[in-house]
Amino acid sequence: MTRVVLLVLALLAFGPATSLAGVRDQLVIGLSSFPTQFHPDVNPEAVKSYIEGFALRPVTAFDVSWHNTCLMCAVRPTLENGLVKLETTVSGAPGMAVTVKLKQGLFWGDGVPVTSADLAFTAKVGRDPDSGFANTRTWGKVIGVEIVDDLTAAVHLDSVSAYYDQIPHLLSEHIEGPVYAASQTPGDYVKRSIYNTAPTTPGLWNGPYMPTVIDTGSTVVLEPNPYWTGTKPGFRRIVFKTVDNTAALLANLQAGDVDMTPGEGMGLSIDQVIALEKQAPDRFNFIWKPALTYDHIDVQLDNPILADVRVRRALLHAIDRKAMTQRLFDGKLPIADTWVSPLEANYEPNVAHYPYDPAKARALLAEAGWTPGPDGVCRNAAGVRLSLEFRVTSGVKMRELMQQVIQSQWKAVCVETQLHNDPPRLLFGEVLKKRSFTGLVLYSWLFNVESSPRQILGSDQIPRAETNWSGTNYTDWHNAAVDAGIETIETELDPVKRKAAWSAVQRAYAEELPVLPLFFRVEGHTIPKWLKGYVPTGHNDYAVYWAENWRAE
Amino acid sequence: MTAFILSRTWQAALVLLVMSFVIYSLIGLMPGDPLDIMIASNPGATPEVVARLRAIYGLDQPILYRYAHWLLAAMQGDLGFSRTHSQPVLVVLIPALWTTCKLMLLSFVVSVALSMVLGIWAALKPGGVVDGVVSLFAFAGISVPVFWLALMMILLFAVKLHLLPASGLSDVGNESFGDYARHLVMPVVTLALSSIGGFTRFVRASMIETLRMDHIRTARAKGNAEGRVVLIHGLRNAMIPVVTVIALSFGSLFSGALVTETMFAQPGMGKMIFDSILSNDFNLALSGLLFATIVTLFSNLLADLAYGWLDPRIKL
């Protein structure tokens with residue numbers, strides 16, 4: 001027993017837990033999850049994109065002002081500068097050729113230059129249906145890549161796309177090429193990929209940092225890429241430490257075991273950051289950035305009660321969104337009118353608004369034939385109660401709290417709701433997918449900047465048995481004008497016409513309310529006082545794309 | 001003895017086969033497939049992409065076909081590929097198993113050792129001050145949720161006192177034994193404390209009953225020292241029911257380890273099994289659960305063998 005006590009004392013005497021806390025050439029970032037694998041194009045995960053953003057740069061990305069900009073290209077291809085040309089494909093359909101000019105002086109971590117061969121290779125793998133790539137938005141449209149020189153390639157698209165200048169990261173042809181060539185069966189490439197078998201291989205990465213140590217489930221260590229020719233990275237080492245439980249992650253932050261937690265959804269929850277800011281306002285810098293995650297309530301339009309637009313408008317008028325954001329989120333969540341964030345260039349402010357107005361809600365319900373019964377719940381002329389099912393994912397505290405607040409506010413205007421909460425895989429895997437919900441479902445969408453609304457609003461995306469329940473337009477909203485607008489959004493190259501289509505779709509959405517808009521999320525970043533140059537973007541092209549500017553001062 | 005071990009091994013193999021089928025079927029019955037949640041948060045994934053991914057991962061095949069395929073490969077030593085990790089299952093499983101084994105074995109040793117001392121001490125004078133204090137401690141250990149205990153430990157020893165690291169396996173760049181050991185102190189103590197209470201109560205009850213038996217009175221009458229009476233004559237007899245409880249509890253340490261691993265960022269089996277079930281990673285979930293079953297079966301076999309050692313009258 002004495003020996004055990006002595007051993008414990010000896011272990012404690014090894015030094016303080018935060019032995020590296022005083023050294024400012026290392027930044028420890030606390031995360032609440034760990035990537036399941038490291039191939040950047042397979043099994044997309046926010047945490048993987050975040051970590052790899054330090055090490056693998058996209059060709060173009062949306063910057064902090066939400067403008068598409070070159071990270072690896074010398075100049076962004078446009079019609080105006082002649083790098084984009086309309087052409088006719090072999091099949092006779094209209095297509096386009098996008099000339100990508102890569103920057104000079106870009107190298108993979110093993111010193112091999114980044115070239116147009118990497119672009120051609122990535123396009124080849126990306127459009128291979130057997131490669132396992134999850135994102136085909138860009139590469140799926142490519143019908144050929146013509147290499148002009150080491151740094152220039154013309155990418156031929158099978159159709160005219162307004163998204164031609166959004167070009168993701170490249171894979172290193174000299175490392176992944178032989179692996180891809182050796183793959184024989186569908187999915188074989190992913191199993192053999194060096195990103196998964198040896199992810200610390202320097203030649204896989206072209207950013208300012210690259211991974212040098214990966215302890216699965218626990219830690220990733222990044223160190224500067226010796227061949228990076230841009231701004232010199234400010235840290236000798238970036239360490240990602242995963243603590244799955246956010247209460248424990250918060251304790252790690254307070255203990256100094258981690259220096260910061262990102263706000264992009266893989267660190268602390270919003271309520272934890274709000275509480276920490278109140279508790280220790282001087283210890284950290286807190287940065288709040290409105291984001292693209294859209295909290296909303298999907299409406300089952302097949303339900304005769306909800307098919308009446310007056311009922312949908314009444315429901316939205318009856319929710320005091322301003323008070324909810326004030327009381328639950330310290331006023332930090334911007335109220336949404338549509339799925340388009342006010343920070344987006346395509347945002348249309350002149351749409352129908354639904355401020356909190358319970359009197360107007362009652363009037364709309366009365367107009368639709370719903371009058372309060374003796375128990376306070378509305379009934380129509382046939383005696384049907386105005387009673388609706390209301391679902392959220394179970395286990396998400398703030399969302400369940402929102403559900404309860406909304407339930408009480410609807411009750412005040414004579415709408416009864418029955419709460420049915422499901423685990424995420426049941427809600428998304430069955431209830432939404434097969435459209436078996438009968439009333440309302442509160443959840444969120446995560447959009448990219450300027451992403452097409454086709455998947456959630458297009459009538460061709462309504463899940464049906466005959467299409468094996470594919471598509472995510474769960475509300476069953478079909479509107480011919482909106483379908484035409486989406487087509488224009490995706491294919492029109494004239495920015496004025498495109499903007500007009502964006503506006504029209506937003507106006508129709510706000511007018512008809514197939515979905516009740518609630519809030520846009522906000523990112524709560526908790527960073528140390530000494531960290532400078534950290535500028536969150538609020539969208540999926542994370543701040544880490546500019547991590548070489550981060551400094552300890 | 002050999003025949004007994006062989007017989008139990010065959011039984012274990014049968015249990016594993018049945019378990020594998022049951023687990024595979026139960027996972028298959030869960031709603032949705034692994035790609036649904038991915039689609040839910042990614043409206044950009046087109047139906048064509050989703051259908052293609054389903055085909056690549058074999059999710060478009062009937063579950064019985066998939067199980068038979070897995071079983072045939074497993075019998076040849078190939079546990080398959082983890083869909084989410086894109087790695088062979090064993091590559092993912094072994095580091096997690098090592099982390100959990102460290103946690104489980106250390107906490108098991110600590111909890112058994114401490115509960116023996118406390119249980120015997122309390123049993124020497126039932127109803128006395130020591131018994132009261134030990135019982136209070138034991139009930140506290142049984143009642144306190146592991147996650148709360150873990151959080152309190154972090155807040156006290158890492159946030160307030162800065163004595164121990166809050167989480168992780170080691171500090172980056174420090175691979176000394178001392179650093180690894182410091183990172184293990186809180187998880188091991190937390191996991192141990194969660195089982196000490198129950199073990200202590202069993203040891204106490206069993207010892208009280210044994211110390212009242214005739215042969216103990218005879219041993220005392222023969223002039224044996226009290227320490228010898230308690231530890232040699234009493235403890236050996238008292239251990240038989242205790243061994244059963246401890247052996248059965250060994251497997252359940254996996255579930256306690258899930259919370260401890262999550263709170264202290266120790267990437268072990270508990271967390272791996274939990275994540276793989278949530279993400280419908282059939283091969284990984286199945287292999288993880290089967291390993292947990294093997295551990296339980298093996299600990300029960302050891303318990304049976306221990307009976308024979310503790311009481312030679314028991315024939316195996």
Side-chain angles (χ1 to χ4, degrees), chain A residues 8 11-12 14 16-20 34 36-37 39 42-44 129-130 132 134-137 186-187 190-191 193 196 213 215-219 221 237 239 241-245 247-248 251-252 254-255 257 424-426 428-430 432-433 445-448 451 455-456 467-468 470-472, chain B residues 30-33 36-53 55-57 81 84-87 92 95-96 147 150-151 154-155 158-159 162-169 171-174 176 178-179 181-182 185 262-267 271-272 275 278-280:
Chain A
V8 169
L11 293 175
L12 296 180
F14 263 86
T18 53
S19 55
L20 292 167
F34 193 88
T36 51
Q37 55 163 292
H39 195 296
V42 177
N43 213 22
D130 293 334
N135 173 18
T136 56
R137 193 173 64 164
V190 172
K191 293 177 184 173
S193 169
N196 290 324
V213 177
D215 282 337
T216 304
S218 167
T219 312
V221 179
R237 192 187 273 163
V239 179
K241 191 171 174 180
T242 300
V243 184
D244 298 277
N245 183 285
N252 273 258
Q254 290 170 313
D257 277 22
R425 59 180 300 153
L426 180 62
F428 296 113
E430 281 291 317
L432 279 169
K433 179 182 170 184
W445 280 123
L446 174 58
F447 293 102
N448 298 320
S451 62
Q455 297 297 321
I456 56 162
T467 57
N468 200 21
S470 61
T472 48
Chain B
M30 291 167 76
D33 70 33
D36 285 325
I37 294 175
M38 184 188 101
I39 301 161
S41 59
N42 178 18
T46 63
E48 294 75 26
V49 172
V50 175
R52 204 184 67 207
L53 291 175
I56 284 177
Y57 295 126
F81 229 78
T84 49
H85 295 265
S86 288
Q87 301 248 42
V92 183
F147 76 90
L151 199 55
I154 295 172
L155 289 176
V159 178
H162 291 282
L163 282 175
L164 291 165
S167 63
L169 298 169
D171 286 335
V172 173
N174 187 350
S176 66
D179 189 57
R182 282 176 57 241
V185 172
T262 306
M263 296 299 289
F264 293 106
Q266 303 266 327
K271 183 76 177 57
M272 190 210 71
D275 287 343
L278 280 189
S279 56
N280 250 357

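Side chains included, hydrogens not; waters and symmetry mates left out as well; all remaining heavy atoms used. The sequence lines fix the lettering, A, B, ..., with proteins before strands; numbering per chain opens at 1.
- Using a 4.5 Å cut-off between heavy atoms, A:Thr219 touches chain B through its side chain atoms alone.
- In this structure, the portions of A:Val243 lying under 4.5 Å from any heavy atom of chain B include both its backbone and its side chain.
- Here the straight-line distance linking atom OG of B:Ser167 with atom NZ of A:Lys241 works out to 3.5 Å at 0.5 Å rounding.
- Rounded to the nearest 0.5 Å, atoms CG (A:Asp244) and CE (B:Met263) are 10.5 Å apart.
- A donor-acceptor pair is defined here as one N or O able to donate and one able to accept, closer than 3.5 Å; such a pair exists between the side chain of B:Gln87 and the backbone of A:Asn196.
- Closest non-hydrogen pair, B:Val159 versus A:Ala251, comes out as CG2-O, 3.4 Å.
- Rounded to the nearest 0.5 Å, atoms CD (B:Gln266) and OG1 (A:Thr242) are 12.5 Å apart.
- B:Pro267 and A:Ser218 make their closest contact through CG-CB, 3.7 Å (heavy atoms, listed as atom of the first residue, atom of the second, distance).
- Looking at A:Val190, both its backbone and its side chain come within 4.5 Å of chain B, counting heavy atoms on both sides.
- In terms of heavy-atom proximity, B:His85 sits nearest to A:Gln37 at O-CB, 3.5 Å.
- Interatomic distance, CG of A:Asp257 versus CG of B:Asp171, reported as 7.5 Å (0.5 Å rounding).
- For the 3.5 Å distance criterion, the side chains of A:Asn245 and B:Thr262 fail to qualify, holding no donor opposite an acceptor.
- Residue A:Lys191 touches chain B through both its backbone and its side chain, counting heavy-atom pairs closer than 4.5 Å.
- Side chain of A:Thr36 to backbone of B:Thr84: a donor-acceptor contact under 3.5 angstrom is found.
- Considering only heavy-atom pairs separated by less than 4.5 Å from chain B, the leading option among A:Val213, A:Leu432, A:Asn252 is A:Asn252.
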